[in-house]
Amino acid sequence: TGLIFSCANCPAGAVCSTGVCALRTLGNSCSADSGPIPGTWVRSTSGDDTGKFRLIGCPAGHQTQNASHDTQKCHPCLESQYIIHPDTDACEKCPPGLACKGDATVIPVVENSTWAVEDGVYKLKTCPMGYFKISQTNEWDQQKCEPCSAGTECVLEACDVCTDCKAGKYKDVSGTQSCRACPQNTFNPDIKATAFAQCQPCPDGAVTSGLDGQISADACKCSERTYL
């Protein structure tokens, strides 16, 4: 009887640009000048795919696709993506709060923001002073630290949310700076003041006795050169 054998299709990740299957060569290379194709390929020793090559792992920056023999491939992630564990995770879109380069290496855009790996994605944990956190469940590709808006601040070392400027203070621009106290001889009863004009001057001849950040006209007293 003659020898019975079956020619296997070349998996997608092993097809060279010339159309030749790299798994035909000893080093799994497309040419003498090139290195081996991405991934660790071994022959199956059991099951329906006995004798066929099986992709068991991919290098950093690649997503392992091995749901079926013919579609096996180490899929390269884009520079606008990241992947933490090539053999178990997927290429994830880089959120605006990180700088990515296609593998597990990321750099926070805002210095001192803290991130942690959970379930194959980077999750924003805290932002530094002067920022608030944008991080919604299942919207991990939108995460970032944003400066507090006008009329708000965060003065903690680790920030999640910004709080309104207290009465007697104001902040007229978006940014990481804290709210400023209204100057001497003025007062501001409003919270979340967004303009210096909300610091109201004391009546003519009245002063706040060298105190800033006053919240009521009651802080205005006649100066030593005046009387009521």
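- The line from CZ of Arg180 to CG of Asp212 is 10.5 Å long, rounded to the nearest 0.5 Å.
- Across all their heavy atoms, Asp172 and Ala150 have their closest contact at C-CB, 4.0 Å.
- Closest heavy-atom contact between Tyr131 and Pro147: CD2-N, 3.5 Å.
- Side-chain contact between Cys145 and Pro128 is present, with at least one heavy-atom pair separated by less than 4.5 Å.
- The shortest distance between side-chain heavy atoms of Cys220 and Pro203 falls below 4.5 Å.
- Rounded to the nearest 0.5 Å, atoms OH (Tyr122) and CG (Asp141) are 16.0 Å apart.
- The backbone N or O of Asp164 lies less than 3.5 Å from no partner atom in the side chain of Lys171, so there is not a single donor-acceptor pair.
- In this structure the side chain of Cys30 never reaches within 4.5 angstrom of the side chain of Ser17, judged on heavy atoms.
- A donor-acceptor pair shorter than 3.5 Å can be found between the side chains of Thr114 and Thr126.
- When all heavy atoms of Leu55 and Gly57 are compared, the closest pair comes out as CD1-O, 3.4 Å.
- Put simply, CD1 on Ile215 and CG on Asn188 are 9.5 Å apart, with the number rounded to the nearest 0.5 Å.
- For residues 74-98, every residue pair satisfying the side chain to side chain donor-acceptor pair (under 3.5 Å) rule, not counting sequence neighbours, is listed here: Thr64-Asp87.
- Between the side chain of Lys73 and the backbone N or O of Asp70 there is no donor-acceptor pair closer than 3.5 Å.
- Side-chain contact between Pro183 and Cys199: present, with at least one pair of heavy atoms (C-beta onward) separated by less than 4.5 Å.
- Heavy atoms from other residues, nucleotides or ligands lying under 6.0 Å from CD1 of Ile84 number more than 12.
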Open item on the list: Between Cys100 and Cys94, does the disulfide (SG to SG under 2.5 Å) criterion hold? Intermediate values first, please.
Closed with: CA-CA 6 Å; Cys100 305; Cys94 191; 2.0 Å; yes

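- Follow the hydrophobic side-chain contacts under 4.5 Å out from Trp115 and you never reach Val110; the two are in separate clusters.
- Using a 4.5 Å heavy-atom threshold, the side chains of Phe53 and Asp49 count as separate.
- Lys166 has no carboxylate O lying under 4.0 Å from a charged side-chain N of Glu153, or vice versa, which leaves the two without a salt bridge.
- The distance from the CG atom of Leu98 to the OG atom of Ser113 is 7.0 Å, given to the nearest 0.5 Å.
- Lys192 is linked by a salt bridge (Lys or Arg N to Asp or Glu O under 4.0 Å) to nothing, counting only residues two or more places apart in sequence or in another chain.
- In this structure the side chain of Ser149 never reaches within 4.5 angstrom of the side chain of Phe132, judged on heavy atoms.
- Cluster annotation: Leu124 and Val117 are assigned to the same hydrophobic cluster (Ile/Leu/Val/Met/Phe/Trp/Tyr, side-chain heavy-atom contacts under 4.5 Å, transitive).
- In terms of heavy-atom proximity, Ala217 sits nearest to Phe187 at N-CD1, 3.6 Å.
- Screening Lys125, Gln143, Lys123 for a side-chain hydrogen bond (donor to acceptor under 3.5 Å, both in side chains) with Ser135, the sole residue that qualifies is Gln143.
- Here the side chains of Arg43 and Thr45 are not in contact, with every heavy-atom distance at 4.5 Å or above.
- Scanning all heavy atoms of the two residues, the minimum distance from Tyr170 to Ala181 falls at CE2-O, 4.1 Å.
- A distance of 12.0 Å separates NZ of Lys52 from SG of Cys10, quoted to the nearest 0.5 Å.
- Of all the heavy atoms in Cys91 and Ile83, the pair that sits closest is N-CD1, 4.0 Å.
- Checked against the 2.5 Å cut-off, the SG-SG distance between Cys148 and Cys162 falls under it.
- Without hydrogens or angle criteria, Gln142 side chain to Trp140 main chain gives no donor-acceptor distance under 3.5 Å.
- Between the side chains of Thr208 and Gln214, not a single donor N or O lies within less than 3.5 Å of an accepting N or O.
- At least one donor-acceptor pair closer than 3.5 Å links the side chain of Gln198 to the backbone N or O of Ala195.
- Side-chain atoms of Thr71 never come within 3.5 Å of backbone atoms of Ala12 as a donor-acceptor pair (strictly under, hydrogens ignored).
- At a threshold of 4.5 Å between non-hydrogen side-chain atoms, the residues Gln200 and Pro189 count as touching.
- In this structure, Arg54 contributes its side chain and Ser44 its backbone to no donor-acceptor pair below 3.5 Å.
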Task: Pair Cys74-Cys58, disulfide (SG to SG under 2.5 Å): steps then yes or no - done: CA-CA 6 Å; Cys74 287; Cys58 289; 2.1 Å; yes

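- Separating the CG atom in Leu23 from the CD atom in Gln72 is a distance of 8.5 Å, to the nearest 0.5 Å.
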